[in-house]
Amino acid sequence: MKNHHYKATIQWTGNKGTGTSGYRDYERSHTISVENKAIIEGSSDPAFRGDKAKHNPEEMFLSSLSSCHMLWYLHFCSEAGIIVTDYHDEATGIMAETSNGSGHFTEVTLHPTIYVTDESMIEKAKKLHHKANEFCFIANSVNFPVKHIPKVLVK
């Protein structure tokens, strides 16, 4: 077994002068930085007093699942001789908020639209989503199934 290590720095930027003196007295703004990469401006979801113009953790979680799946999928297509020319996913997720304010994701569904170069590739291209889901590091780290409803077309 090989371990991979990751590091991200989260810096709260929402102190309006009085810190967390009251629930409404601070912003949920923060930055996410990883060495040698662009800084991401984050906040909480607007439902939790966040800035709607900034990425929130729930959106980034959903994006992580989608992009991990896509990268494995493209890898397996390449190995199988399936030529993908375009990939677009409209991922959706549902988070259930509990009565005490906590919550958890109950469902994520990926809706990728993939274009391949030949009609003979369509069926195999559809089946490879199952294999990509089995290998995706992020999907293997969650406690709910990640569904996928692919659409494969010829371009």
Side-chain angles (χ1 to χ4, degrees), residues 1-14 28-98 101-155:
M1 183 191 253
K2 188 182 348 177
N3 290 321
H4 299 268
H5 300 270
Y6 300 92
K7 181 180 177 185
T9 301
I10 311 303
Q11 176 66 50
W12 176 47
T13 59
R28 279 53 178 178
S29 298
H30 57 277
T31 58
I32 303 162
S33 58
V34 176
E35 190 174 344
N36 298 318
K37 297 181 180 169
I39 291 175
I40 298 171
E41 290 193 27
S43 188
S44 62
D45 184 285
F48 307 108
R49 302 195 48 79
D51 182 342
K52 67 180 181 181
K54 296 178 182 173
H55 298 284
N56 65 60
E58 296 82 8
E59 293 164 336
M60 289 188 283
F61 177 71
L62 183 61
S63 299
S64 293
L65 280 165
S66 176
S67 60
C68 183
H69 180 88
M70 178 194 68
L71 293 169
W72 275 110
Y73 178 77
L74 294 174
H75 169 80
F76 290 131
C77 284
S78 175
E79 285 185 339
I82 296 168
I83 302 169
V84 175
T85 58
D86 194 18
Y87 185 109
H88 176 86
D89 186 13
E90 294 286 337
T92 59
I94 299 171
M95 185 187 78
E97 185 179 348
T98 60
S102 69
H104 58 276
F105 272 81
T106 59
E107 178 180 314
V108 166
T109 305
L110 308 180
H111 301 271
T113 300
I114 299 100
Y115 286 90
V116 296
T117 58
D118 192 88
E119 193 169 321
S120 65
M121 300 175 183
I122 291 176
E123 283 311 307
K124 179 71 173 172
K126 286 180 181 178
K127 289 179 183 174
L128 284 176
H129 282 284
H130 180 71
K131 187 173 182 181
N133 194 62
E134 290 177 353
F135 277 75
C136 173
F137 306 131
I138 310 299
N140 284 323
S141 300
V142 300
N143 63 358
F144 56 86
V146 177
K147 303 172 188 174
H148 49 277
I149 304 172
K151 187 183 327 177
V152 182
L153 305 167
V154 177
K155 187 179 200 178

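Starting from 1, each residue takes its place in the sequence as its number.
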Problem set entry | Stepwise side chain to side chain donor-acceptor pair (under 3.5 Å) test for Asp51 and Ser29 | CA-CA 7 Å; Asp51 182 342; Ser29 298; 4.8 Å; no
Exercise. Tell me the ring pair (Phe, Tyr, Trp, His ring centres under 6.0 Å) pairs involving residues 32-64, sequence neighbours left out?
Worked result: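 Residue pairs passing ring pair (Phe, Tyr, Trp, His ring centres under 6.0 Å), neighbours aside: Phe61-Phe105.
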Atom pair [atom1] ([X]) and [atom2] ([Y]), whose distance is rounded to the nearest 0.5 Å:
X: His30; Y: Ser43; atom1: NE2; atom2: OG; value: 7.0 Å
X: Leu71; Y: Ile138; atom1: CG; atom2: CD1; value: 10.5 Å
X: Ile39; Y: Gln11; atom1: CD1; atom2: CD; value: 10.0 Å
X: Ser33; Y: Ile10; atom1: OG; atom2: CD1; value: 7.0 Å
X: Ser66; Y: Met70; atom1: OG; atom2: CE; value: 7.0 Å

Are the side chain of [X] and the backbone of [Y] linked by a donor-acceptor contact shorter than 3.5 Å?
X: Trp72; Y: Phe135; answer: yes
X: His88; Y: Asp86; answer: no
X: Tyr73; Y: Ala125; answer: yes
X: Ser67; Y: Ser63; answer: yes

Partners passing side chain to side chain contact (heavy atoms under 4.5 Å, CB included) against [X] (at least two apart in sequence or in another chain):
X: Glu35; answer: none
X: Ala80; answer: Ile82, Lys124, Leu128
X: Ser78; answer: none

Exercise. Do Glu90 and Thr113 come within less than 4.5 Å of each other through their side chains, counting heavy atoms only?
Worked result: no
Exercise. Which atom names give the shortest non-hydrogen contact between Leu110 and Ala91, and what distance separates them?
Worked result: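 Leu110 and Ala91 have their closest heavy atoms at CD2-CB, 3.8 Å.
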Problem set entry | Closest non-hydrogen atom pair, Lys54 against Gly42 | CD-O, 3.6 Å
Table please: side-chain donor-acceptor pairs of residues 144-155 below 3.5 Å, with sequence neighbours left out.
none

For this session: Classify the side-chain pair Asn56/Ser44 by whether it contains a donor and acceptor separated by less than 3.5 Å.
Result: no
Could you list the donor-acceptor pairs under 3.5 angstrom formed between side-chain atoms of residues 114-123 and any protein atom two or more places apart in sequence or on another chain?
| from | atom 1 | to | atom 2 | distance (Å) |
| --- | --- | --- | --- | --- |
| Asp118 | OD2 | Ser120 | N | 2.9 |
| Asp118 | OD2 | Ser120 | OG | 2.5 |

Exercise. Thr98 and Ser102: side chain to side chain donor-acceptor pair (under 3.5 Å), yes or no, with the steps?
Worked result: CA-CA 5 Å; Thr98 60; Ser102 69; 2.7 Å; yes
For this session: Please assess Ile32 against Thr9 for the test side-chain contact (heavy atoms from CB on, under 4.5 Å), listing each intermediate value before the final yes or no.
Result: CA-CA 6 Å; Ile32 303 162; Thr9 301; over 6 Å; no
Seminar exercise, completed: Tested for ring-ring contact (aromatic ring centres under 6.0 Å, His included) against His69, the lone hit among His111, His75, His129 is His129
